[in-house]
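To start, the structure under review is shown below, and the notes come after it.
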Amino acid sequence: MDEWGTAGNGPFRARYMRFVIEVLRGQAQVDFVPNALTGVVFSAGLCAAGWEFGLYGLAGTAAGTATARLLGVDRDRITAGLEGFNACLVAVGCAVLLGARHLSTALLALAAAALVTVLTAAVARLLATWQLPTFTLPFCMTASALTIAAPGFPRIWHEDAGPAALPRAADGPGSLTFSDLWHGFFANIGQIFFMPQWYVGLIFLLGLFLAGRRAGVLACVGSVVGLLTAWALGTPAEQVAEGVAGQGVSLGSVRISPRRLVRCIARRSISRGLGVRG
């Protein structure tokens with residue numbers, strides 16, 4: 001009887017483990033690395049910022065991956081985690097924007113994680129004409145819609161005021177201290193998941209080095225150049241220390257080849273200095 005039970009559970013256990021690995025790879029693919037161990041470290045980093053963020057990240061990635069499975073998305077994409085990272089970002093973004101401890105936020109995050117998977121397929125089909133990847137465009141589209149619409153629904157929006165409609169002029173001292181610089185160095189990486197804590201960025205950086213030295217080094221280079229460019233443009237010290245000015249550079253640096261790194265860093269850093277969040 002025990003042997004029959006073990007044999008019966010074998011296929012289920014194998015499918016379950018495959019799904020777990022796909023979810024963890026989806027977490028890691030936020031930084032464009034298909035490494036399940038990196039996904040574990042990223043989850044730990046989110047939990048370090050708050051257990052709710054870790055839960056939202058895993059639940060969103062799982063919802064997106066499961067939706068892709070149900071819809072029959074190409075198996076190779078699911079295995080590589082490519083159907084999970086946009087869903088992860090959407091879910092964590094909901095938690096940050098709307099408040100993680102509201103039931104309405106949890107339900108909306110799960111629904112949005114499933115929806116962004118469908119949107120990813122639509123965007124991929126559209127961009128295939130020019131042989132372009134989707135990257136985080138489906139997340140950006142979904143997050144923009146949620147940010148604009150959420151303040152109009154009292155059962156979803158729990159703040160007194162809505163988000164700023166337009167960027168304001170930079171305000172605050174621009175002189176950087178050593179503390180601002182090293183906080184900003186790690187926070188640039190943490191802000192890829194919308195987390196401004198320097199220690200969260202440190203954990204994420206360890207996860208990148210776990211995936212490969214190249215990914216870790218490029219993230220460091222991107223963060224440093226982002227800091228230097230933000231300083232040169234006079235970005236307020238508070239924004240630099242919180243990683244607002246450099247997260248896009250850190251993320252882009254991991255994805256592109258070293259030969260194109262300098263051009264991408266300069267372009268994204270200037271955008272940050274002008275107040276455009278990418």
Side-chain angles (χ1 to χ4, degrees), residues 16-68 81 83-117 136 139 142-143 146-147 150 155-159 163 183-211 216 219 241-244 247 250-251:
Y16 173 76
M17 288 306 300
R18 278 201 303 271
F19 181 72
V20 169
I21 291 174
E22 289 164 2
V23 169
L24 292 174
R25 284 176 178 165
Q27 294 265 89
Q29 283 283 14
V30 171
D31 272 2
F32 307 117
V33 288
N35 188 299
L37 290 178
T38 297
V40 172
V41 176
F42 284 2
S43 294
L46 286 172
C47 288
W51 65 267
E52 303 97 331
F53 299 121
L55 180 60
Y56 271 84
L58 284 173
T61 310
T65 303
T67 301
E83 294 298 327
F85 70 95
N86 277 298
C88 175
L89 286 172
V90 165
V92 175
C94 284
V96 172
L97 176 67
L98 303 175
R101 300 198 177 188
H102 299 289
L103 177 60
S104 59
T105 302
L107 295 176
L108 184 62
L110 290 175
L115 176 63
V116 79
T117 303
T136 57
F139 154 71
T142 305
L146 287 172
T147 302
R155 293 181 179 175
I156 294 175
W157 188 256
H158 306 282
E159 303 293 333
H183 276 84
F185 173 81
F186 293 113
N188 284 345
I189 300 169
Q191 282 281 11
I192 294 172
F193 282 87
F194 320 116
M195 300 295 126
Q197 301 91 339
W198 68 267
Y199 52 87
V200 175
L202 173 59
I203 296 173
F204 290 160
L205 183 59
L206 293 176
L208 286 171
F209 272 107
L210 182 63
E242 291 181 351
V244 176
Q247 63 90 4
S250 298
L251 178 61

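Bear in mind the structure is a predicted one, so any value in this text is a computation, not a measurement.
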- Item | Candidate pair Leu24 and Phe42, rule side chain to side chain contact (heavy atoms under 4.5 Å, CB included), full reasoning | CA-CA 9 Å; Leu24 292 174; Phe42 284 2; over 6 Å; no
- Could you give me the CA-CA distance, side-chain angles and deciding distance for Leu146 and Leu108, then say whether side chain to side chain contact (heavy atoms under 4.5 Å, CB included) is met? CA-CA 10 Å; Leu146 287 172; Leu108 184 62; 3.9 Å; yes
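With values rounded to the nearest 0.5 angstrom, Gln29 atom CD is found 10.0 Å from Asn35 atom CG. In this structure, Arg25 CZ and Thr38 OG1 are separated by 11.0 Å, a value rounded to the nearest 0.5 Å. The CG atom of Leu103 sits 12.0 Å away from the CZ atom of Arg155 when rounded to the nearest 0.5 Å.
The side chain to side chain contact (heavy atoms under 4.5 Å, CB included) test applied to Ala143 returns Phe139, not counting sequence neighbours. Listed by chain and number, the residues in a side chain to side chain contact (heavy atoms under 4.5 Å, CB included) with Thr105 are Tyr56, Cys94, Leu98, His102 (sequence neighbours excluded). The salt bridge (Lys or Arg N to Asp or Glu O under 4.0 Å) check on Glu83 picks up Arg77, with sequence neighbours excluded.
A donor atom on one side chain and an acceptor atom on the other are found under 3.5 Å apart for Ser43 and Gln27.
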Sequence neighbours left out, cut at 3.5 Å: what donor-acceptor pairs do the side chains of residues 193-210 make with other protein atoms?
none

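With contacts defined as side-chain heavy-atom distances shorter than 4.5 Å, the pair Phe85/Thr136 qualifies.
Identified under the salt bridge (Lys or Arg N to Asp or Glu O under 4.0 Å) test for residues 96-114, with sequence neighbours left out: Glu52-Arg101. A side-chain hydrogen bond (donor to acceptor under 3.5 Å, both in side chains) check over residues 89-99, counting only residues at least two apart or in different chains, returns nothing.
No donor-acceptor distance shorter than 3.5 angstrom exists from the side chain of Glu242 to the backbone of Ala187, with no hydrogens or angles considered. For Asp31 (side chain) and Val33 (main-chain N/O), no donor-acceptor pair under 3.5 Å exists by modelled atom type.
Residues Ala62 and Val23 come closest through the heavy atom pair CA-CG2, 3.8 Å. Between Gly64 and Ala87 the shortest heavy-atom distance is CA-CB, 3.7 Å. Between Cys88 and Val30 the shortest heavy-atom distance is SG-CG2, 4.2 Å. Smallest separation of non-hydrogen atoms from Ala91 and Gly60: CB-CA, 3.6 Å. Between Gly57 and Val92 the shortest heavy-atom distance is CA-CG2, 3.7 Å.
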